[in-house]
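Inspection log for the structure reproduced underneath, given as structure tokens.
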Amino acid sequence: MMDNFWFQLPRPHFALAPMEDVTDTVFRELIAGISSPDKLHVVFSEFMSVDGFLHRKGHERVKHRLAVSPGERKLLNKKGIKIVAQIWGSDPEKFYRAGRKIATDYEFDGIDINMGCPVKKIVKHNSCSALINFPVLAREIIAATREGSGLPVSVKTRIGFKEVVTEEWISNLLQEKPEAITIHGRTQMMQSEGSSDWNEVNKAVQVRNEVNPETMILGNGDIISFEDALKKVAEFKTDGIMIGRGIFHNPAFFAGNPLFSHEERMALLKKHLHLFEKQWGREKNYAILKRFFKIYVHSFNGAGEIRASLMETNNFQESMSVLERLGDAETRHALPLL
């Protein structure tokens, strides 16, 4: 019998969502380092295509999504945080092979199947949220992933494709008894627009209670603080909460603290730059870092000037030069790790 870590987590449990070009090993290490172990329990890789992963040439382009640095591994082990690989595609046989390879060649605690991404270029290949339209195929994918990997298998999904079909869709997934289902309270058509419908998340909980009480249900969507997460759990009866864009509002989300002071945020930016340079060097495009600058540099005198200067940089040396040139003493402080 597989070691199902989902059953061993405290309730409620909290997870950092998989996000494209965001939750790489560098960002996960950064967040794990400043998070309390009783407030962050699971982290996910960036989502990875099984087609690319299994392709001889494509493998080189996507394997970085499963990278776990020694620094991150040390932190996860120390704090008891679990790490899950998220994969996507539409061919059960490839999910079987990818699952087997991940279980054999990597050290992940579980595998999550992306059935929620709404991006049109992915959906048109009957992958991710498009699987809501192919319930039998979705079940075959879950079964193949479990059989190939022997690891706990979870699913991240939405409440419908063009329209809300929460009860039918979740009932279908539960037939394969996934260890956990994360439900984002929007349809594919909504993309990121409108409000996440937490009443539909609660419907999924009720369906779970009737069909397979052992599956964990996590809610996702529009959570902006740890206090808000706790309220959602209490009101909508989920087993856990997954945080996505909320981490952009407050990198200290899982520390249970309000926003860091600007001195601490600037120190965190400096640490992020150093970790990125150490891990990736020129292997990854430096421009990826620019989406993070606004997370750290805001709401203090001179923030706009610093951010504008950082957006003009093209490499690690230039960004560090900006920080040093502007003379922010706070960037020299070491950020204490919890």
Side-chain angles (χ1 to χ4, degrees), residues 1-9 13 15-20 23-25 28-29 32 41-117 127-128 131 137-157 173-182 212 214-216 218 240 242:
M1 184 178 180
M2 74 177 71
D3 181 17
N4 185 359
F5 75 87
W6 289 102
F7 289 171
Q8 301 164 14
L9 296 177
H13 43 257
L16 177 63
M19 290 178 279
E20 176 78 356
T23 53
D24 68 346
T25 185
R28 294 192 309 260
E29 179 179 345
H41 305 105
V42 188
V43 294
F44 291 74
S45 72
E46 299 175 86
F47 54 90
M48 182 190 69
S49 161
V50 295
D51 291 346
F53 185 56
L54 296 171
H55 191 276
R56 183 172 59 86
K57 293 183 179 180
H59 180 79
E60 293 302 311
R61 294 196 298 269
V62 302
K63 67 179 183 179
H64 68 86
R65 298 174 187 276
L66 296 186
V68 179
S69 71
E72 181 191 7
R73 178 64 65 187
K74 182 178 179 180
L75 274 171
L76 298 182
N77 290 342
K78 176 183 178 182
K79 298 190 175 187
I81 299 170
K82 302 299 182 180
I83 182 166
V84 176
Q86 194 189 65
I87 56 180
W88 65 272
S90 60
D91 185 339
E93 192 270 337
K94 290 182 179 178
F95 274 89
Y96 174 89
R97 290 166 53 201
R100 182 173 59 185
K101 187 172 179 61
I102 289 170
T104 302
D105 298 347
Y106 297 84
E107 296 181 49
F108 284 95
D109 298 296
I111 295 178
D112 189 77
I113 302 169
N114 187 326
M115 298 189 185
C117 177
S127 297
C128 295
L131 288 169
L137 177 59
R139 296 201 308 271
E140 290 174 351
I141 286 172
I142 295 171
T145 306
R146 180 182 284 120
E147 183 181 356
S149 69
L151 293 171
V153 175
S154 54
V155 174
K156 186 174 188 293
T157 190
L173 294 178
L174 288 168
Q175 291 182 46
E176 282 300 326
K177 299 182 178 180
E179 276 63 46
I181 301 175
T182 299
N212 180 35
E214 292 188 343
T215 294
M216 302 289 113
L218 287 77
M242 180 180 281

Which atom names give the shortest non-hydrogen contact between I111 and S149, and what distance separates them?
CD1-CB, 3.6 Å
According to salt bridge (Lys or Arg N to Asp or Glu O under 4.0 Å), who are the partners of D24, at least two apart in sequence or on a separate chain?
K284
Non-hydrogen side-chain atoms of [X] and [Y] separated by less than 4.5 Å:
{"X": "I142", "Y": "M115", "answer": "yes"}
{"X": "E72", "Y": "V43", "answer": "yes"}
{"X": "V68", "Y": "R28", "answer": "yes"}
{"X": "I81", "Y": "L75", "answer": "no"}
{"X": "M242", "Y": "V42", "answer": "no"}
{"X": "F44", "Y": "M19", "answer": "no"}

Are there over 12 heavy-atom neighbours, none belonging to E93, within less than 6.0 Å of that residue's CD?
yes
Count the heavy atoms of every other residue, nucleotide or ligand shown that sit under 6.0 Å from CZ of R73, and state whether that count exceeds 12.
yes
Expected output: side-chain [X] to main-chain [Y] donor-acceptor under 3.5 Å:
{"X": "K82", "Y": "F5", "result": "no"}
{"X": "D109", "Y": "I83", "result": "yes"}
{"X": "S45", "Y": "L66", "result": "no"}
{"X": "S69", "Y": "T25", "result": "no"}
{"X": "T23", "Y": "P18", "result": "no"}

Identify, with sequence neighbours excluded, every residue that meets side chain to side chain contact (heavy atoms under 4.5 Å, CB included) alongside Y96.
R100, A144, E147
Side chain to side chain contact (heavy atoms under 4.5 Å, CB included) against N114, all qualifying residues, sequence neighbours excluded
F47, Q86, W88, C117, C128
Return the [atom1] to [atom2] distance between [X] and [Y], rounded to the nearest 0.5 Å.
{"X": "T215", "Y": "W6", "atom1": "OG1", "atom2": "CH2", "answer": "11.0 Å"}
{"X": "D112", "Y": "T157", "atom1": "CG", "atom2": "OG1", "answer": "10.0 Å"}
{"X": "E176", "Y": "E140", "atom1": "CD", "atom2": "CD", "answer": "9.0 Å"}
{"X": "L151", "Y": "E179", "atom1": "CG", "atom2": "CD", "answer": "9.5 Å"}
{"X": "D91", "Y": "L137", "atom1": "CG", "atom2": "CG", "answer": "8.5 Å"}
{"X": "I102", "Y": "E107", "atom1": "CD1", "atom2": "CD", "answer": "13.5 Å"}

Aromatic plane relationship, H59 with F53 - under 30° parallel, 30 to 60° tilted, over 60° perpendicular:
tilted
Using the side-chain contact (heavy atoms from CB on, under 4.5 Å) definition, which of the options V155, L173, I141 pairs with L131?
I141
Are R65 and E20 ion-paired here, with the side-chain N under 4.0 Å from a carboxylate O?
yes
